[in-house]
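Residue numbers count from 1 along this sequence.
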Amino acid sequence: MKRTGMIALIMCLLSGMTAYGEETAPYSVDTPVQEVMSDPAFEGYGRLLFPVNDGYWSGDTLGELRLTWYSNVDPNETVEIVNTLHERASRGETVFYDLYTDEEKAEDPAKEATGLFFFKETPGEKFAVCNAGGGFAYVGAMHDSFPHALELSKRGYNAFALIYRPGAQTACEDLARAIHFIFEHAEELEVNTDGYSLWGGSAGARMAAWLGSYGTAAFGEGEYPRPAAVIMQYTGHTDYTEDDPATFACVGERDGIANWRTMQRRLEAMSTLGIPTEFHHYPGLSHGFGLGTGTVAEGWIEQAIAFWEENAGA
């Protein structure tokens, strides 16, 4: 084949690859949120991708999505998340798991709006459960847990994002049930239950901390191992015990909801008990910065992963 013919063939193949890539990425910043919710690929759980309580979010399209109490919402992250889940669901992967039986949901209809989104990666690798905040009034997963779970999966971990019932007690019950579910289905899920971690922002950070402090039995489930590490963002949580897991925390210095010095004092007190801790605070940053893409906090997740690994054991 002549050189010009070879170049033409390569260009044709590349063009086909690009077109195929575009076809397999159905969503963009201009996609209506309602279109994602009702997509047949997400049948039965598409609504749970976004806050169930309409009063805490706004925006007609993915690019316009805004969540109450959150800053630095990145439209590109939102689009990547829903495209990733769509791709995985379309090729037959299970990306959503119910936590409760039909009988339990009948007894408590609020349990209908719960479940685990699964960002599966390396079989046999450790897992993390990410918990979004929302003031225990709603679940801001699209900015405060889905991005974290996706990033963890990119690094080879198996990550879950919990959709829970708002309310401190019910949220912790749902997290305890999620841990129960993962441990009881570890073989099916292909996850390693040793050295797992709990992640959370704002109210979600309180959930992670409470489960780390008191364990699953305190919230209605059987006794399962505590996490190797708790990763917390922007919360004024002050409670702790001498048995708390290793704890990493970060917050912005201009956070009007969670004072950074409150978080610092908690970790300092835990450190005096011999609990491994790591704390970061960022000048000029407000509440709910998520991954912190494009801010002074960008890269904090790498530090958090390193902290988790240091404390996960062999």
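- Between Tyr234 and Phe289, the gap from one ring centroid to the other is short of 6.0 Å.
- Between Cys250 atom SG and Ile231 atom CD1 the span is 9.0 Å, to the nearest 0.5 Å.
- Each of Thr61, Asn83, Asp39 was checked for a side chain to side chain donor-acceptor pair (under 3.5 Å) with Tyr27, and the lone residue meeting it is Asp39.
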Notebook entry, point to check: Passes side-chain contact (heavy atoms from CB on, under 4.5 Å), Phe117 versus Ile81? Steps please.
Noted result: CA-CA 11 Å; Phe117 283 91; Ile81 289 160; over 6 Å; no
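- Contact record, Phe96 with Thr114: CZ-O, 3.4 Å, taken as the closest heavy-atom pair.
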Item checked: Derivation of the side-chain contact (heavy atoms from CB on, under 4.5 Å) call for Met207 and Tyr164 -> CA-CA 10 Å; Met207 294 164 56; Tyr164 56 85; 3.6 Å; yes
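- Taking the charged nitrogens against the carboxylate oxygens, Lys120 and Glu93 have no contact shorter than 4.0 Å, which rules out a salt bridge.
- No chain of hydrophobic side-chain contacts below 4.5 Å, direct or via other Ile, Leu, Val, Met, Phe, Trp or Tyr residues, connects Val230 to Val251.
- Shown here for Leu62 and Val33, the closest heavy-atom pair between the two residues is N-CG2, 4.0 Å.
- Looking only at side-chain heavy atoms (C-beta outward), Leu267 and Phe248 stay at 4.5 Å or farther from each other.
- To the nearest 0.5 Å, atom CD of residue Glu107 and atom CG of residue Asp102 are 11.5 Å apart.
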Item checked: Verdict with supporting geometry, Asp243 and Tyr214, side-chain contact (heavy atoms from CB on, under 4.5 Å) -> CA-CA 9 Å; Asp243 298 319; Tyr214 302 109; over 6 Å; no
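- Between Glu151 and Lys154, at least one side-chain N (NZ, or NE/NH1/NH2) sits under 4.0 Å from a carboxylate O, which counts as a salt bridge.
- Between the side chain of Tyr138 and the backbone N or O of Phe50 there is no donor-acceptor pair closer than 3.5 Å.
- In summary, Arg177 and Glu104 engage in a salt bridge, as defined by a charged side-chain N under 4.0 Å from a carboxylate O.
- Of the options Phe219, Tyr224, Tyr100, a ring pair (Phe, Tyr, Trp, His ring centres under 6.0 Å) to His180 is made by Tyr224 and by none of the others.
- A 4.5 Å side-chain heavy-atom check between Glu87 and Thr84 finds every atom pair outside the cut-off.
- In this structure, the separation between CG on Leu175 and CG on Leu162 is 6.0 Å, given to the nearest 0.5 Å.
- Surrounding CD of Glu188 are more than 12 heavy atoms belonging to other residues, nucleotides or ligands, all under 6.0 Å away.
- Close placement of the Tyr196 and Phe183 rings is indicated, their centers lying within 6.0 Å of each other.
- Here the closest heavy-atom approach between residue Thr68 and residue Gly55 is recorded as OG1-O, 4.3 Å.
- For the residue pair His287/Ser202, the side-chain donor-acceptor check at 3.5 Å is satisfied.
- Summarising the geometry, atom CG belonging to Asp74 is positioned 11.5 Å from atom CG belonging to Leu65; distances are rounded to the nearest 0.5 Å.
- A centroid separation of less than 6.0 Å is found between the aromatic rings of Tyr56 and Trp69.
- From Asp239, atom CG reaches atom OG1 of Thr241 across 7.5 Å, with rounding to the nearest 0.5 Å.
- Residues Leu285 and Asp255 are not in side-chain contact: their nearest non-hydrogen atoms beyond the backbone lie 4.5 Å or more apart.
- Residues His185 and Tyr97 keep their aromatic ring centres 6.0 Å or farther apart.
- Rounded to the nearest 0.5 angstrom, Phe118 CZ and Leu189 CG are separated by 5.0 Å.
- Using modelled atom types, one side-chain atom of Thr216 and one backbone atom of Gly222 make a donor-acceptor pair closer than 3.5 Å.
- Here the options are Ser213, Pro276, Pro227, the test is side chain to side chain contact (heavy atoms under 4.5 Å, CB included), and the partner is Asp244; only Ser213 passes.
- Closest of all the heavy-atom pairs between Ala203 and Phe136 is O-CZ, 3.5 Å.
- Within a 6.0 Å radius of CZ in Arg254, other residues, nucleotides and ligands contribute 12 heavy atoms or fewer.
- Leu67 and Pro51 make their closest contact through CD2-CG, 3.8 Å (heavy atoms, listed as atom of the first residue, atom of the second, distance).
- Asp144 places a side-chain N or O within 3.5 Å of a backbone atom of Gly133 that can act as its donor or acceptor partner.
- In this structure the side chain of Phe127 reaches within 4.5 angstrom of the side chain of Phe160, judged on heavy atoms.
- A heavy-atom distance below 4.5 Å is found between the side chains of Glu77 and Thr293.
- The main-chain N or O of Ala229 is never found under 3.5 Å from a side-chain atom of Asn311 such that the two would form a donor-acceptor pair.
- Follow the hydrophobic side-chain contacts under 4.5 Å out from Leu198 and you reach Phe119 in the same cluster.
- Within the 4.5 Å cutoff, no side-chain heavy atoms of Leu116 are placed close to those of Ile163.
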Margin query: One pair to check against side-chain contact (heavy atoms from CB on, under 4.5 Å): Glu125 and Asn192. What are the steps and the verdict?
Written below: CA-CA 5 Å; Glu125 183 55 273; Asn192 181 357; 5.6 Å; no
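- The shortest non-hydrogen separation linking Ala178 to Leu99 is CA-CD2, 3.8 Å.
- Salt bridge annotation for Lys126-Glu309: present, with a cationic side-chain nitrogen under 4.0 angstrom from a carboxylate oxygen.
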Note to self: As a quick check of understanding, evaluate salt bridge (charged side-chain N to carboxylate O under 4.0 Å, His left out) for Glu121 and Arg155, giving each step before the final call.
What the structure shows: CA-CA 8 Å; Glu121 196 49 47; Arg155 289 154 178 78; over 6 Å; no
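- Remark: Glu223 CD is packed, more than 12 non-hydrogen atoms of other residues, nucleotides or ligands lying under 6.0 Å away.
- Here the side chains of Leu211 and Cys172 are in contact, with some heavy-atom distance below 4.5 Å.
- Here Arg165 pairs with Asp108, Glu173, Asp174 under the salt bridge (charged side-chain N to carboxylate O under 4.0 Å, His left out) rule; sequence neighbours left out.
- Without hydrogens or angle criteria, Trp260 side chain to Tyr282 main chain gives no donor-acceptor distance under 3.5 Å.
- Under a hydrophobic-cluster definition in which Ile, Leu, Val, Met, Phe, Trp and Tyr are linked whenever side-chain heavy atoms come within less than 4.5 Å, directly or via other members, Met270 and Met232 are assigned to different clusters.
- The shortest side-chain heavy-atom distance between Cys130 and Leu152 falls under the 4.5 Å cut-off.
- One side chain, Ser197 or Trp199, offers a donor N or O that lies under 3.5 Å from an acceptor on the other.
- A salt bridge links Asp54 with Arg47: the distance from a Lys NZ or Arg NE/NH1/NH2 to an Asp or Glu carboxylate oxygen falls below 4.0 Å.
- Checked for salt-bridge contact, Arg261 and Glu253 miss the test: no charged N lies under 4.0 Å from a carboxylate O.
- No close placement of the His148 and Phe146 rings is indicated, their centers lying 6.0 Å or farther apart.
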